[in-house]
J.: 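Before anything else, here's the structure in question.
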2 protein chains.
Amino acid sequence: MRSYHEYCSVARALDVVGERWTLLIVRELLLGPRRYNELLEDLPGIGTNLLADRLKMLTEIGVVRQRPARTDGRAKAYELTPFGAELRPSVLHLARWGMRLLGDPPPGAVTRPRWGFLAVQALIQPGSVDSIDEDYEFRVDGEVFHISVRDATANAAAGPAENPAMVAVTDTATFIRIGSRRITPFEAVASGVLTLTGDPAAVMRCSAILGLTGAGAAAVPA
Amino acid sequence: MRSYHEYCSVARALDVVGERWTLLIVRELLLGPRRYNELLEDLPGIGTNLLADRLKMLTEIGVVRQRPARTDGRAKAYELTPFGAELRPSVLHLARWGMRLLGDPPPGAVTRPRWGFLAVQALIQPGSVDSIDEDYEFRVDGEVFHISVRDATANAAAGPAENPAMVAVTDTATFIRIGSRRITPFEAVASGVLTLTGDPAAVMRCSAILGLTGAGAAAVPA
DNA sequence: CTGCATCCGCCTCGATACTG
DNA sequence: CAGTATCGAGGCGGATGCAG
């Protein structure tokens, strides 16, 4: 295992998760346990030997562990250990930062609706959460997830909301275009690529939580 | 420039800062502007061509920019753009995460006191800051920096504090050993590798800010 | 069919030498 | 001091093979 040989926690962290593909494997596992072949599908281009090597290394270090898959007793699934799950803030901050680098989807690019789920978690701004308890549901290219606000704290979770105050329906490209502030939700609604139903006031509160209301659409320099 | 070809903000971020050495360059620049040869010294093993390539790429993307060095009008220094500086939370979270992976300093490992400055910033827990305005000074192998608490918010800065309520003097290895919770500040004082002067109550408040008081010395699994 | 291990061409990386 | 040029070694990516 290659190392920077620096006695610094950043360098040490990068010794473990800084090699190619490794943090993307963590990204997938942050969305839930995953089987080997599922990871191969989620990460086009990775090469099966590399995935096996990375999983073995991450398992040895204690970032990832195996456990029997839910559906099939024989098959095994990979999941993050609690230690590995502590990478979530780093990955979410990277997601937030990378959002501004995303232009329109290039022709050869792969897109997965699940990634939008991560994007929402990255956009949530703890300071902008109102004290009204309610849920917002998102349906992005068939993938369904929601944000729950309880006690002025917002959490994202998979699956539909029980009684959503707002439902947003769109496609992955539009979703990321909104998240990267290239268009506003209102423009998306106007052009018909986003459908918002529910309480208009809840729509505004949800937009605020995701930091999409302010004029702070900072552009990428140069 | 190599890419994952995924339309996902995490993958896009890693396209830019995920290659070898790149995030360590950012780490150095987070500590202030730096000249080419200084970066070469800070990052042993990088290879001068790779540093040049990375700096050029980061400059084109808008993460880094050049500006005339302060001391010498002709010489140029590299610094982060505001966009690049937004990588700070990601790097600090990684620093926090990697702290638990740091054992005792291996024989061949390089150590720089400046890295401890980053470690302190990574350890600061916004929720554990008392509402007493005061400063804490740290002297680690000659490098001096401090934490300022104002309005229940803690900030780390380079240089000495004006009127520190506490001064901690130690070496880099001990400093990181404390940060990784392998020993407590009290054990370090007892064994003579850490010297704390000032108000004992301030020492406790500072320890709390850095999350060093609780029993939460979570170990690395397996 | 899933879950890897092996093999091979290629491209990045790392070290040294060289130039403005 | 601040890079560019060159070249060998090794990690990476893709195809294939094989065991449970």
Side-chain angles (χ1 to χ4, degrees), chain A residues 1-6 11 14-26 28-29 33-61 64-79 108-110, chain B residues 1-6 11 14-26 28-29 33-61 64-79 108-110:
Chain A
M1 178 175 158
R2 200 196 233 171
S3 168
Y4 288 108
H5 298 293
E6 291 184 0
L14 291 178
D15 283 344
V16 175
V17 297
E19 286 177 305
R20 190 162 169 78
W21 290 110
T22 308
L23 214 53
L24 289 184
I25 296 172
V26 172
E28 290 305 313
L29 296 181
R34 218 77 178 134
R35 299 174 56 170
Y36 186 86
N37 282 342
E38 290 177 316
L39 290 173
L40 273 185
E41 291 170 23
D42 291 333
L43 305 169
I46 189 180
T48 171
N49 56 345
L50 206 66
L51 176 58
D53 285 350
R54 295 288 188 268
L55 286 173
K56 186 187 298 179
M57 183 264 292
L58 290 173
T59 303
E60 284 171 3
I61 306 240
V64 159
R65 67 184 166 209
Q66 290 182 326
R67 71 163 192 176
R70 201 157 297 165
T71 55
D72 183 355
R74 289 182 311 177
K76 24 183 187 172
Y78 290 92
E79 65 178 4
V110 186
Chain B
M1 177 175 161
R2 200 196 234 170
S3 169
Y4 288 107
H5 298 295
E6 292 184 358
L14 291 177
D15 284 344
V16 175
V17 296
E19 286 178 306
R20 191 163 168 76
W21 291 110
T22 308
L23 213 52
L24 290 184
I25 296 173
V26 172
E28 291 305 313
L29 296 181
R34 225 59 188 143
R35 300 173 56 168
Y36 187 86
N37 281 346
E38 290 178 316
L39 289 173
L40 274 183
E41 291 170 23
D42 291 334
L43 303 170
I46 188 179
T48 171
N49 58 343
L50 205 66
L51 177 58
D53 285 350
R54 295 286 188 268
L55 286 173
K56 187 187 299 180
M57 182 265 292
L58 290 173
T59 303
E60 284 170 3
I61 304 226
V64 160
R65 65 183 167 210
Q66 287 183 325
R67 69 163 195 179
R70 201 157 296 164
T71 56
D72 183 355
R74 288 182 313 175
K76 29 183 183 171
Y78 291 92
E79 67 177 3
V110 186

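To find a chain, count down the sequence lines: A is the first, B the second, and so on, and within it residues start at 1.
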J.: Any side-chain N or O of A:Tyr36 below 4.0 angstrom from OP1/OP2 of C:dA5?
T.: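 The answer is no; no side-chain N or O of A:Tyr36 sits under 4.0 Å from OP1 or OP2.
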J.: Could you tell me how far apart B:Tyr4 (OH) and D:dG13 (P) are, to the nearest whole angstrom?
T.: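 From B:Tyr4 OH to D:dG13 P: 8 Å.
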J.: Rounding to a whole Å, what distance do you find between B:Arg54:CZ and D:dA2:C1'?
T.: 18 Å
J.: Between protein and nucleotides 14-18 of chain C, what N or O pairs are separated by less than 3.5 Å?
T.:
| unit_1 | atom_1 | unit_2 | atom_2 | d |
| --- | --- | --- | --- | --- |
| C:dG14 | OP1 | B:Arg20 | NE | 2.3 |
| C:dG14 | OP1 | B:Arg20 | NH2 | 3.2 |
| C:dG14 | OP2 | B:Trp21 | NE1 | 2.6 |
| C:dG14 | O6 | B:Asn49 | ND2 | 3.0 |
| C:dA15 | OP2 | B:Gly45 | O | 3.0 |
| C:dA15 | N6 | B:Asn49 | ND2 | 2.9 |

J.: Rounded to the nearest 0.5 Å, what's the gap from CZ on B:Arg20 to CG on A:Leu14? Could you check?
T.: 9.5 Å
J.: Check the distance between C:dG3's C1' and A:Leu55's CG and give it to me in whole angstrom.
T.: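 Roughly 11 Å, once rounded to whole Å.
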J.: Which residue pairs pass the side chain to side chain donor-acceptor pair (under 3.5 Å) test with at least one member in residues 43-54 of chain B, sequence neighbours excluded?
T.: B:Thr22-B:Arg54, B:Tyr36-B:Thr48
J.: If the cut-off is 4.0 Å, is A:Lys56 near the phosphate of C:dC4, judged by side-chain N/O to OP1 or OP2?
T.: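 No, A:Lys56 has no side-chain N/O under 4.0 Å of OP1/OP2 on C:dC4.
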J.: The criterion is ring-ring contact (aromatic ring centres under 6.0 Å, His included); which residues satisfy it with A:Tyr4, sequence neighbours excluded?
T.: B:Trp21
J.: Starting at CG of B:Leu39 and ending at P of D:dC1, how long is that distance when rounded to a whole Å?
T.: 13 Å
J.: Indicate whether OP1 or OP2 belonging to D:dC1 is found under 4.0 Å from a side-chain N or O atom of B:Arg35.
T.: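 No.
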J.: A side-chain contact here means heavy atoms from C-beta on lying under 4.5 Å apart; do A:Val16 and A:Met1 qualify?
T.: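 Answer yes - side chains close enough.
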J.: Sequence neighbours excluded, which residues qualify as side-chain contact (heavy atoms from CB on, under 4.5 Å) partners of B:Glu38?
T.: B:Arg34, B:Arg35
J.: Please report, rounded to the nearest Å, how far the P atom of D:dG20 is from the CG atom of A:Asn37.
T.: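 So the two atoms are 18 Å apart, to the nearest Å.
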J.: Quickly work out the B:Asp53 CG to C:dC13 P distance and round it to whole Å.
T.: 8 Å
J.: Send over the distance from B:Arg34 CZ to D:dC1 C1', rounded to a whole Å.
T.: 15 Å
J.: Once you build an axis from the first five pairs and another from the last five of the helix from C:dC1-D:dG20 to C:dG20-D:dC1, how far apart in angle are they, to 10 degrees?
T.: 30°
J.: Restricting to salt bridge (Lys or Arg N to Asp or Glu O under 4.0 Å), what partner residues turn up for B:Arg67, sequence neighbours left out?
T.: B:Glu79
J.: Just how far, in rounded Å, is P of C:dC1 from CG of A:Leu40?
T.: 15 Å
J.: My understanding is that only one of A:Ile46, A:Leu29, A:Leu24 makes a side-chain contact (heavy atoms from CB on, under 4.5 Å) with A:Leu39; could you say which?
T.: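 Going through the options one by one, the only one that passes is A:Leu29.
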J.: Quick check for you: to the nearest 0.5 Å, what is the distance between A:Leu51 atom CG and A:Asn37 atom CG?
T.: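 The CG atom of A:Asn37 is 9.0 Å from CG of A:Leu51, to the nearest 0.5 Å.
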J.: Taking atom NZ of A:Lys76 and atom CZ of A:Arg65, what is their separation to the nearest 0.5 Å?
T.: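 It is 15.5 Å, given to the nearest 0.5 Å.
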